[in-house]
**Q** 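Have a look at this one before I ask anything.
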Amino acid sequence: MAGRATKSFAVTKVHLDGTEVTQVDTRADIVTGEEPLEIRVGGQTLTTTMRTPGHDIELAHGFLHSEGHIATLADVSEARYCAGSTVDGMNTYNLLDIDLAQKNVIGLKDLRLTLTNSACGVCGTSSIEDLNKKSRYALPNIQIDPAVVAQLPEKLRAEQKLFRKTGGIHAAGAFTLDGKPIVVREDVGRHNAADKVIGHLLLEDRLPADDLILVMSSRASFELVQKAAMAGFGMLVAVSAASSLAVETARETGMALVGFARGDRFNIYAGELKPGELKR
């Protein structure tokens with residue numbers, strides 16, 4: 001599976017001096033792997049998402065938790081790869097079947113029969129009301145420590161092995177309140193990276209994540225705030241901007257939300273600085 005996380009292609013590299021082409025050469029280039037993963041529950045297709053192969057079990061657990069279908073590891077009785085669709089019957093490892101301990105907990109309204117692409121975590125849901133799930137956890141009131149927040153993007157980057165190879169993959173990480181990494185996962189889809197982190201914490205019996213910070217290499221969108229809230233995170237830090245619905249959801253749930261975290265500056269969209277810190 002690890003070997004499918006990246007692929008190598010011959011590409012033509014063009015160098016310019018202003019508008020004049022000064023050099024053209026062809027060489028091997030490593031790009032991020034992207035393949036579909038069909039997640040079934042009890043043999044019934046729940047969703048298909050475009051992801052970077054690897055940590056698929058974590059991804060499935062995190063997705064089911066974020067959607068409110070499971071709460072603990074005990075809710076899943078088995079997770080297994082099924083035979084793929086190749087003509088010779090070889091396993092493609094792109095089909096994952098989950099058996100839940102409690103049967104018939106997922107109805108037709110929960111199915112995402114459209115393809116979830118690598119940029120969209122909420123496509124295919126029947127209505128916006130379905131997305132407004134309340135976290136099963138009371139979120140902690142985490143005050144923002146500037147010294148910690150300023151270091152998180154670089155600490156996340158230090159764990160991004162695939163990014164160093166390809167330059168084209170998102171990352172999510174769970175960090176302690178004093179900035180120590182617990183788990184970092186990479187994926188072509190930012191929502192998949194978050195689900196992999198949440199799934200890892202679920203498998204390690206570390207939910208709710210009320211003593212951790214979720215850090216994203218992407219923008220802060222609604223689905224990421226929702227996933228963080230469902231997992232009990234009290235703070236989400238992103239290196240890019242936040243969307244309006246992400247801000248509204250963070251404020252509604254009491255989550256601290258930080259965006260544009262880059263070196264010596266960041267924006268606070270929700271939450272407060274620790275007492276004694278300069279406020280502007």
**Q** Is a salt bridge present between R157 and E159, judged by a nitrogen-to-oxygen distance below 4.0 Å?
**A**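 No, R157 and E159 are not salt-bridged.
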**Q** Can you confirm whether S221 sits close enough to R190 that some side-chain heavy atom of one is under 4.5 Å from a side-chain heavy atom of the other?
**A** yes
**Q** If the plane angle is over 60° it's perpendicular, under 30° parallel, otherwise tilted; pick one for Y93 and Y81.
**A**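 Y93 vs Y81 ring planes: perpendicular.
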**Q** Side-chain heavy atoms nearer than 4.5 Å, only ILVMFWY residues, links allowed to pass through others: does that put V188 and V31 together?
**A**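 No.
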**Q** Tell me whether D178 is salt-bridged to K180, with the criterion being a basic N under 4.0 Å from an acidic carboxylate O.
**A** yes
**Q** Out of the candidates R51, K196, H55, only one should pair with D187 under the side chain to side chain donor-acceptor pair (under 3.5 Å) rule; please name it.
**A** K196
**Q** Regarding E58 and H200, is there a side-chain donor-to-acceptor distance under 3.5 Å anywhere?
**A**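 A donor-acceptor contact under 3.5 Å links the two side chains.
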**Q** Say whether R136 and H65, considering side chains only, have a donor N or O and an acceptor N or O under 3.5 Å apart.
**A**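 Yes.
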**Q** Does K161 offer a backbone N or O that forms a donor-acceptor pair with the side chain of E186 under 3.5 Å?
**A** yes
**Q** State which residues pass side chain to side chain donor-acceptor pair (under 3.5 Å) with Q23; sequence neighbours excluded, sorted by chain then number.
**A**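 D25.
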**Q** Do D75 side-chain atoms and T72 backbone N/O form a donor-acceptor pair below 3.5 Å?
**A** yes
**Q** Would you confirm whether D211, through its side chain, and T176, through its main-chain N or O, come within 3.5 Å as a donor-acceptor pair?
**A**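 Answer holds: no.
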**Q** Less than 4.0 angstrom from a charged side-chain N to a carboxylate O is my criterion; do K165 and D29 meet it?
**A**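 Salt bridge flag = no for D29 with K165.
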**Q** Could you walk me through whether L273 and I268 pass the side chain to side chain contact (heavy atoms under 4.5 Å, CB included) check?
**A** CA-CA 9 Å; L273 288 172; I268 297 176; 3.7 Å; yes
**Q** Counting C-beta onward and ignoring hydrogens, is there a side-chain heavy-atom pair between M50 and E35 closer than 4.5 Å?
**A**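 No; the side chains remain at least 4.5 Å from each other.
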**Q** Hey, does the side chain of T22 reach the backbone of H15 with a donor-acceptor pair shorter than 3.5 angstrom?
**A**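 Side chain of T22 to backbone of H15: a pair is present.
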**Q** I'd like a table of donor-acceptor pairs (distance under 3.5 Å, sequence neighbours excluded) in which one partner is a side-chain atom from residues 254-267, with atom names and distances.
**A**
| residue | atom | partner | partner atom | Å |
| --- | --- | --- | --- | --- |
| R262 | NE | V239 | O | 2.8 |
| R262 | NH2 | V239 | O | 3.2 |

**Q** Is L177 close to L212 at the side-chain level, that is, under 4.5 Å between some pair of heavy atoms?
**A** no
**Q** Taking side chain to side chain contact (heavy atoms under 4.5 Å, CB included) as the criterion, tell me which of L156, V148, I182 meets it with F175.
**A**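 The option that passes is L156.
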**Q** Run the salt bridge (charged side-chain N to carboxylate O under 4.0 Å, His left out) check on D145 and K274 step by step: do they pass?
**A** CA-CA 6 Å; D145 186 335; K274 289 179 63 176; 3.6 Å; yes
**Q** Determine whether T32 and T52 satisfy the following criterion, side chain to side chain donor-acceptor pair (under 3.5 Å), listing intermediate values before the conclusion.
**A** CA-CA 7 Å; T32 300; T52 300; 5.7 Å; no
**Q** Under 4.0 Å between a Lys/Arg side-chain N and an Asp/Glu carboxylate O for R80 and D99?
**A**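 Counted as a salt bridge, because a side-chain N and a carboxylate O are separated by less than 4.0 Å.
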